Amino acid sequence: MTQDTPKIVVAIDGFSSSGKSTMARRLASQIGYRYIDSGAMYRAVALYGLEHGMVSADGTVDEPALIAALPDINIDFIPLADGSQHTMLNGVDVEHEIRQLRVSNVVSPVAAIPAVRHILVEKQQRMGHDKGIVMDGRDIGTTVFPDAELKIYVDASAQTRAQRRFKELVEKGSAVTFEEVLANVMHRDMIDRSRAESPLRRADDAIAIDNSAMSLDEQDEWLFREFQRTIKNIMSE
Ligand code: DC
């Protein structure tokens with residue numbers, strides 16, 4: 001890529017644990033773009049709610065209290081030396097905390113609240129204002145960046161996704177069973193798909209990929225080719 005190569009927005013949407021974050025992070029590092037994990041922002045709001053008694057462990061949300069607290073919830077990302085990013089909640093690194101099952105179990109009802117979505121979508125749009133960004137989530141290609149130059153919709157079976165998530169959690173030392181993780185994945189799928197506000201759906205102009213049987217390298221190569229093709233098309237317009 002040269003100085004004249006146009007910068008674009010890459011929107012990657014899909015179900016939880018579809019591998020979209022890995023794809024997005026790896027592409028961003030390969031092409032020198034900023035990577036934003038929008039799910040981490042919803043997770044940070046859910047964590048704040050849990051810690052302040054506005055969200056209970058069973059996912060019941062005191063909506064008026066959480067909405068009133070939104071101006072006090074500051075979410076940021078800090079880049080680390082190894083190229084990864086950590087999520088900061090009011091100045092505290094919560095990267096580890098937001099990935100725990102206690103947060104996963106309550107994040108969907110929090111992410112279904114319109115006021116929460118409005119505030120986070122605006123923040124995401126500001127982050128993408130200057131392009132050169134890869135963002136992953138559920139509504140990036142449909143709501144956050146409907147004009148994104150490259151939109152990807154990632155799919156994989158619930159079993160495959162639960163298997164990946166289970167492996168990740170076990171490696172991080174969590175004492176969970178596969179059945180718990182599968183139940184969580186399926187329950188979140190249902191909420192993400194059926195909520196009234198910005199449900200997960202494939203944008204009409206998104207390219208779909210089922211990565212259940214793909215290796216990481218195959219995924220990377222496929223995505224990089226799509227990126228190059230998009231840039232080439234823009235430059236020949
Ligand atoms: O991708 P994830 O599992 O970390 O996402 C956490 C939750 O946030 C999940 O329930 C879906 C929701 N989410 C969303 O509603 N919109 C996004 N753009 C990203 C995530």
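Since the structure is predicted, the reported quantities are computational estimates derived from the model, not experimental observations. Position 1 is the first residue of the sequence; numbering continues from there.
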Let me see the working for Asp13 and Arg201 under salt bridge (Lys or Arg N to Asp or Glu O under 4.0 Å), right down to the final yes or no.
CA-CA 8 Å; Asp13 289 305; Arg201 71 172 179 83; over 6 Å; no
Test Val55 against Val45 for side-chain contact (heavy atoms from CB on, under 4.5 Å), laying out the working first.
CA-CA 10 Å; Val55 176; Val45 173; over 6 Å; no
Test side-chain contact (heavy atoms from CB on, under 4.5 Å) on Arg188 and Val107 and set out the steps.
CA-CA 9 Å; Arg188 280 203 286 156; Val107 63; 4.2 Å; yes
Check against salt bridge (Lys or Arg N to Asp or Glu O under 4.0 Å), Arg99 and Glu168
CA-CA 10 Å; Arg99 308 292 166 193; Glu168 234 172 69; over 6 Å; no
For Lys151 and Asp205, what are the C-alpha separation, side-chain angles and deciding distance, and is it a salt bridge (Lys or Arg N to Asp or Glu O under 4.0 Å)?
CA-CA 7 Å; Lys151 298 181 186 177; Asp205 50 352; 3.0 Å; yes
CA sep, side-chain torsions, deciding dist, call: Ile207, Trp222, side-chain contact (heavy atoms from CB on, under 4.5 Å)
CA-CA 11 Å; Ile207 306 165; Trp222 177 85; 3.7 Å; yes
Pair Leu89, Asn74 - check side-chain contact (heavy atoms from CB on, under 4.5 Å), show working.
CA-CA 6 Å; Leu89 171 61; Asn74 271 303; over 6 Å; no
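Of all heavy-atom pairs spanning Phe77 and Met41, the tightest one is CZ-CG, 3.7 Å. Nearest heavy-atom pair, Ser212 versus Ser157, reported as atom, atom and distance to 0.1 Å: OG-N, 3.5 Å. Contact record, Pro6 with Tyr33: O-OH, 3.9 Å, taken as the closest heavy-atom pair. Taking every heavy atom of both residues into account, Pro109 and Ile191 meet most closely at CD-CD1, 4.3 Å. Closest approach of Val185 to Ala162, counting heavy atoms only: CG2-CA, 4.1 Å. Nearest approach of Ala158 to Leu182, heavy atoms of both residues: O-CD1, 3.8 Å.
Side-chain atoms of Gln125 come within 3.5 Å of backbone N or O of Val144 as a donor-acceptor pair. One N or O on the side chain of Ser194 and one on the backbone of Met190 form a donor-acceptor pair closer than 3.5 Å. Of the possible polar contacts, one joining the Glu180 side chain to the Thr177 backbone as a donor-acceptor pair under 3.5 Å is found. Between the Arg43 side chain and the Ile98 main chain, a donor and an acceptor come within less than 3.5 Å of each other. Of the possible donor and acceptor atoms, none in the side chain of Arg117 sits under 3.5 Å from a partner among the backbone N and O of Val121. In terms of modelled atom types and a separation under 3.5 Å, the side chain of Lys123 and the main chain of Ile75 share a donor-acceptor contact. Judged purely by atom type and a 3.5 angstrom limit, Glu197 has no side-chain atom pairing as donor or acceptor with the backbone of Pro114. Panel note: side chain Thr230, backbone Glu226; a donor-acceptor pair is recorded below 3.5 Å. At distances below 3.5 Å, at least one donor-acceptor pair connects side-chain atoms of Ser38 with backbone N or O atoms of Asp136. Not a single donor-acceptor pair under 3.5 Å links the side chain of Thr60 to the backbone N or O of Ser56.
Atom CG of residue Leu101 and atom CZ of residue Arg165 lie 7.5 Å apart, to the nearest 0.5 angstrom. Put simply, CZ on Phe178 and CD on Gln159 are 4.5 Å apart, with the number rounded to the nearest 0.5 Å. Taking CG of Leu169 as the reference point, atom OG of Ser104 lies at 7.0 Å (rounded to 0.5 Å). In this structure, Leu120 CG and Asp139 CG are separated by 10.0 Å, a value rounded to the nearest 0.5 Å. For the atom pair Ile231 CD1 and Leu150 CG, the distance stands at 8.5 Å (nearest 0.5 Å). Taking OG1 of Thr142 as the reference point, atom OH of Tyr153 lies at 10.0 Å (rounded to 0.5 Å).
Residues Leu223 and Ile12 have side chains in contact (heavy-atom distance under 4.5 Å, counting atoms from C-beta outward). Inter-residue side-chain proximity for Glu218 and Ser215 is flagged as met; some heavy-atom pair is nearer than 4.5 Å. Side-chain contact between Val103 and Leu50: present, with at least one pair of heavy atoms (C-beta onward) separated by less than 4.5 Å. Taking the side chain as every heavy atom from C-beta outward, Arg161 and Asp189 approach each other to under 4.5 Å. Contact annotation: the side chain of Asn184 never approaches that of Glu179 to less than 4.5 Å [non-hydrogen atoms, C-beta and beyond]. Residues Ser16 and Arg138 form a side-chain contact, since some pair of their non-hydrogen atoms from C-beta on lies under 4.5 Å apart. Looking at Ser18 and Asp155, their side chains never come closer than 4.5 Å, going by heavy atoms from C-beta outward. Residues Arg34 and Ile36 have side chains in contact (heavy-atom distance under 4.5 Å, counting atoms from C-beta outward).
Between the side chains of Glu95 and Thr87, a donor-acceptor pair is found at a separation under 3.5 Å. Judged purely by distance below 3.5 Å, without hydrogens or angles, the side chains of Ser21 and Asp37 never pair a donor atom with an acceptor atom. No side-chain donor from either of Tyr48 and Asn90 sits under 3.5 Å from a side-chain acceptor of the other.
Counted within 6.0 Å of CG on Asp204, heavy atoms from surrounding residues, nucleotides or ligands total 12 or fewer; the atom is thus considered open. The number of heavy atoms from other shown groups lying within 6.0 Å of CE (Met214) is above 12. Other residues, nucleotides and ligands contribute over 12 non-hydrogen atoms within 6.0 Å of the NE2 atom of His86.
Ion pair Glu97/Arg102 flagged as a salt bridge, since at least one NZ, NE, NH1 or NH2 atom sits closer than 4.0 Å to an Asp/Glu carboxylate oxygen.
Hydrophobic clustering (side-chain heavy atoms under 4.5 Å, transitive across Ile, Leu, Val, Met, Phe, Trp, Tyr) keeps Met88 apart from Val116. In the hydrophobic clustering of ILVMFWY residues, with side-chain heavy atoms under 4.5 Å counting as a link, Ile31 and Ile209 come out together. Side-chain heavy atoms closer than 4.5 Å link hydrophobic residues (I, L, V, M, F, W, Y) into clusters, and following such links, possibly through other members, connects Met23 to Phe224. Under the 4.5 Å side-chain heavy-atom criterion for grouping Ile, Leu, Val, Met, Phe, Trp and Tyr, Val94 is connected to Ile119 within one hydrophobic cluster. A continuous path of ILVMFWY side-chain contacts below 4.5 Å connects Ile234 to Val134, so both sit in one hydrophobic cluster.
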